[in-house]
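The structure appears below as structure tokens.
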2 protein chains.
Amino acid sequence: MADQVKEAISRPQRRRRKMQSITMMDVAEHAKVSPSTVSLYLRRPEAVSASAGSSIARAIDKLNYVPNLVAGGLAAASSRAVSIIVPSVRNAFFAETVAAMQTALRKERLQVILGHTEYDEKEEEDLVRTALSWAPAAVVLTGLSHSEATRKMLAKATVPVIEIWELGGVQINTAIGFHHDQVGIASAKHLIHEGRRNLLFLGARMHEDRRARQRCDGFVSAAREAGVKVDMVQHPAPSSAEVGAMLLAEAIEMHPDVDGIACSNDHVALGVLFECERLGIAVPDRLAVIGFGDLSFSAACNPSLSTIRPSGDLIGREAARLIVDHMAGKELERDTSIDTRFTLLHRRSS
Amino acid sequence: MADQVKEAISRPQRRRRKMQSITMMDVAEHAKVSPSTVSLYLRRPEAVSASAGSSIARAIDKLNYVPNLVAGGLAAASSRAVSIIVPSVRNAFFAETVAAMQTALRKERLQVILGHTEYDEKEEEDLVRTALSWAPAAVVLTGLSHSEATRKMLAKATVPVIEIWELGGVQINTAIGFHHDQVGIASAKHLIHEGRRNLLFLGARMHEDRRARQRCDGFVSAAREAGVKVDMVQHPAPSSAEVGAMLLAEAIEMHPDVDGIACSNDHVALGVLFECERLGIAVPDRLAVIGFGDLSFSAACNPSLSTIRPSGDLIGREAARLIVDHMAGKELERDTSIDTRFTLLHRRSS
DNA sequence: GTGAAAGCGCTAACAT
DNA sequence: ATGTTAGCGCTTTCAC
């Protein structure tokens, strides 16, 4: 009895608390169908009759209806957001992938939520935690090395996880990228093939950048295997042409007879080219140089920079494809990996 | 009567449809308080008694509770997401700002939702539409020029809007950035001060990049005002060292007597430096060069590149600050703008 | 300071 | 093909 009274009183009060926004109900009313039909139309237009469809379309247009994805996400227990976690978009490699992925996901009306680890596993862990609280359609991580806690969280959540930019380790489920040690091997083989017998790897920030380290390791072991002299010089600062210049100076001092250099990436290689010019070291005659990344300036350098081009955008597109497929119902096969390869660009510097 | 029966039947069926996840209710039960107290604790810990607070904290810890931000966003009609829309993170300038903003917002547990316009107003419009359907805490747009529809949507939504990387036009509300024409003016004055009397502006993609055009316009008008010869050469492709090299070749052909060049950015300037080297043009003796951006390689070039450094990270940090302040209740003053300035770096190339 | 209750706008069973 | 219904997990009045 008391309940009935309460209901009678409270029901008509149903005031909208926030700003008057147009909801699916308004569209339904306008189109003279039920809200669920509108919902269905929005998600699978082909499942609705042509007449209902067109009147819904008209109502949406007229009312300028914008669906509330937050509400949708809550109801469906999964939002149309994909969380992408990279070391930093300041890094051109990851910027490329993020951009490609955003463009591809956008077409499926999926949003990109971005996070930066700054090469910190603990930070990554926090980012994953927050990411999960958005009930994302997928989580994309960079690399294969994560904290135990991160793995646990991801395992407990039932969200698909894709790891990018690294292959060859223990993966959570799906990985898209390439083998960085193979990059190093390819560089070494290339230099050796060009007749170089005194090799050096110049690396920046290798204590944090695991993938740079893998390239270095591949390089060194391939050189050793070929019975060629090889060493490595590194600097803890992030990659930059300045670090490259410093490293070259140091390298020449320590190894005056070096005749082939591979760099952890093209930023470093660019610095090497500049410093060679300053020191009067002829490239490639006395010293061959190869980088990694094929950055915007690499082809235009003087001499043009030999380098290895990873396919950052392909990684992004493939990741997007997998996510879209998964949302369409296709299961991700367990433990698959997609090798996006890389290309060695033989230019003037080697 | 019938209703009562129905209720009696349906109530106990309350099955969880999706994966068993720990909710605020579980935490409440565990801590022996009501859900609303948990909610309050999460948002304003100081408003909850110490004893309740600590037992809630313990429960959260024990259960490993992760709040569902989607549900929170729906209930509060505003999510802890900030939509950032830039031309592309492939562009180092915007990558810098996005990274800085993400880092700053992260500390306040705000998420970044990223969108790329690729310099397309129509695309921006779509991105804003989708962005709004997330009920974001704020929307950040690049530049001051947007479609009418974009403006209308943004006006209707009550979300705070911040425009970045451009000052000096009609703004929606708050703008953070600097005056690009002043960059052009500063470059021209600098070259003139260095004794140059035959100036040229080399620009890439200026039909799409409004801000590059503003820099160009400022440059040209400042030179004219000073009574100095000036012209402009452009190429529709996106900025790159290759385009820079091409533009320089073209420039020298059309204006053999040019002695001072400003470039739409450092990518182009780098190409100019390389091409000068190839053509045997002495920099800065015969030709002074200044760029824009102070990119990673600019200081290490040979000769080091004079350039103008915008503060992309400051723009990001300021935007984040405003958003955080706004969420704390501080109103955004209407029509304010924050000038983050720029710095001219006089190096060896001029 | 704490709790009860009423939604936020949508999706997804299920029934028709 | 369409409608009915019951939540999704949280925030937010409003009483106490």
Side-chain angles (χ1 to χ4, degrees), chain A residues 2-3 6-7 9-29 31-53 55-56 65-80 132-135, chain B residues 2-3 6-7 9-29 31-53 55-56 65-80 132-135:
Chain A
D3 284 336
K6 239 167 154 181
E7 277 207 358
I9 292 173
S10 60
R11 197 53 61 85
Q13 287 187 342
R14 187 184 174 255
R15 79 257 117 153
R16 293 167 176 267
R17 283 188 300 187
K18 298 291 158 178
M19 60 233 108
Q20 200 81 352
S21 94
I22 289 142
T23 73
M24 191 175 270
M25 253 190 67
D26 300 322
V27 175
E29 254 168 47
K32 301 202 195 320
V33 295
S34 76
S36 60
T37 306
V38 177
S39 172
L40 190 61
Y41 169 78
L42 251 27
R43 281 168 301 115
R44 298 196 284 115
E46 74 283 1
V48 163
S49 74
S51 65
S55 74
I56 290 171
Y65 168 66
V66 177
N68 183 328
L69 293 181
V70 178
L74 177 58
S78 159
S79 68
R80 297 192 72 82
L132 290 181
S133 64
W134 280 90
Chain B
D3 283 336
K6 238 169 156 179
E7 276 207 359
I9 293 173
S10 62
R11 199 53 61 85
Q13 286 187 344
R14 187 185 173 253
R15 79 255 119 155
R16 294 168 175 269
R17 285 186 302 189
K18 298 293 161 177
M19 60 234 105
Q20 200 82 348
S21 92
I22 288 143
T23 73
M24 191 174 272
M25 251 190 68
D26 299 321
V27 174
E29 253 168 48
K32 302 202 195 319
V33 294
S34 76
S36 57
T37 305
V38 177
S39 172
L40 190 61
Y41 169 79
L42 250 28
R43 280 167 302 112
R44 298 195 284 113
E46 75 282 2
V48 163
S49 73
S51 66
S55 74
I56 291 171
Y65 168 65
V66 177
N68 182 328
L69 293 181
V70 178
L74 177 58
S78 160
S79 67
R80 297 192 72 81
L132 290 181
S133 64
W134 281 90

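Here is the naming used below: chain letters follow the sequence lines, and residue numbers restart at 1 for every chain.
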Are A/Y41 and D/dG3 close enough that a side-chain N or O sits under 4.0 Å from OP1 or OP2? no
Atom CZ of B/R44 and atom P of D/dT11 are separated, to the nearest Å, by 12 Å
Send over the distance from B/L40 CG to D/dT12 P, rounded to a whole Å. 10 Å
CG of A/N68 to OG of B/S133, rounded to nearest 0.5 Å, is 7.5 Å
Flag the pair A/M24 / A/L42 as yes when at least one side-chain heavy-atom distance between them is below 4.5 Å, and no otherwise. yes
Under 4.0 Å, counting only non-hydrogen atoms across every strand here, what does B/V70 touch: a base, just sugar-phosphate, or nothing? nothing
Please check the phosphate of C/dT2 (OP1 and OP2 only) for any side-chain N or O of B/T37 closer than 4.0 Å. no
Regarding A/S36, tell me which of base, sugar-phosphate or nothing describes its non-hydrogen contacts under 4.0 Å with the strands shown. base
Rounding to an integer number of Å, can you tell me how far A/M25 CE sits from D/dT5 C1'? 14 Å
In whole Å, what is the span from the CG atom of A/L42 to the C1' atom of D/dT2? 16 Å
Minimum-distance pair of heavy atoms, taken over all atoms of A/P35 and A/A28: N-CB, 3.5 Å
Is the closest side-chain heavy-atom distance between A/W134 and B/V70 below 4.5 Å? yes
When we call it a touch if two heavy atoms are under 4.0 Å apart, what does A/S49 touch: a base, just sugar-phosphate, or nothing? sugar-phosphate
Touch check for A/P35, heavy atoms < 4.0 angstrom, all strands: base, sugar-phosphate only, or nothing? nothing
With a 4.5 Å limit on heavy-atom distance, are the side chains of A/V33 and A/I56 in contact? yes
B/R43, nearest nucleotide to its side chain (from D/dT11, C/dG3, C/dC10): D/dT11
Given C/dT11, D/dT11, D/dG9, the nucleotide with the shortest approach to the side chain of A/M24: C/dT11
Rounded to whole Å, the CG-C1' distance (A/L74 to C/dG7) equals 12 Å
If you only use heavy atoms from C-beta on, which nucleotide in C/dC10, D/dT12, C/dG7 is closest to the side chain of A/N68? C/dC10
May I ask you to verify if any side-chain N or O of B/S39 is less than 4.0 angstrom from the OP1 or OP2 atom of D/dT11? yes
To the nearest angstrom, the CD1-P distance between A/I56 and D/dG3 comes to 8 Å
From CH2 of A/W134 across to P of D/dC10 the rounded distance in Å is 13 Å
Between P of D/dG9 and CG of A/L132, the distance in whole Å: 15 Å
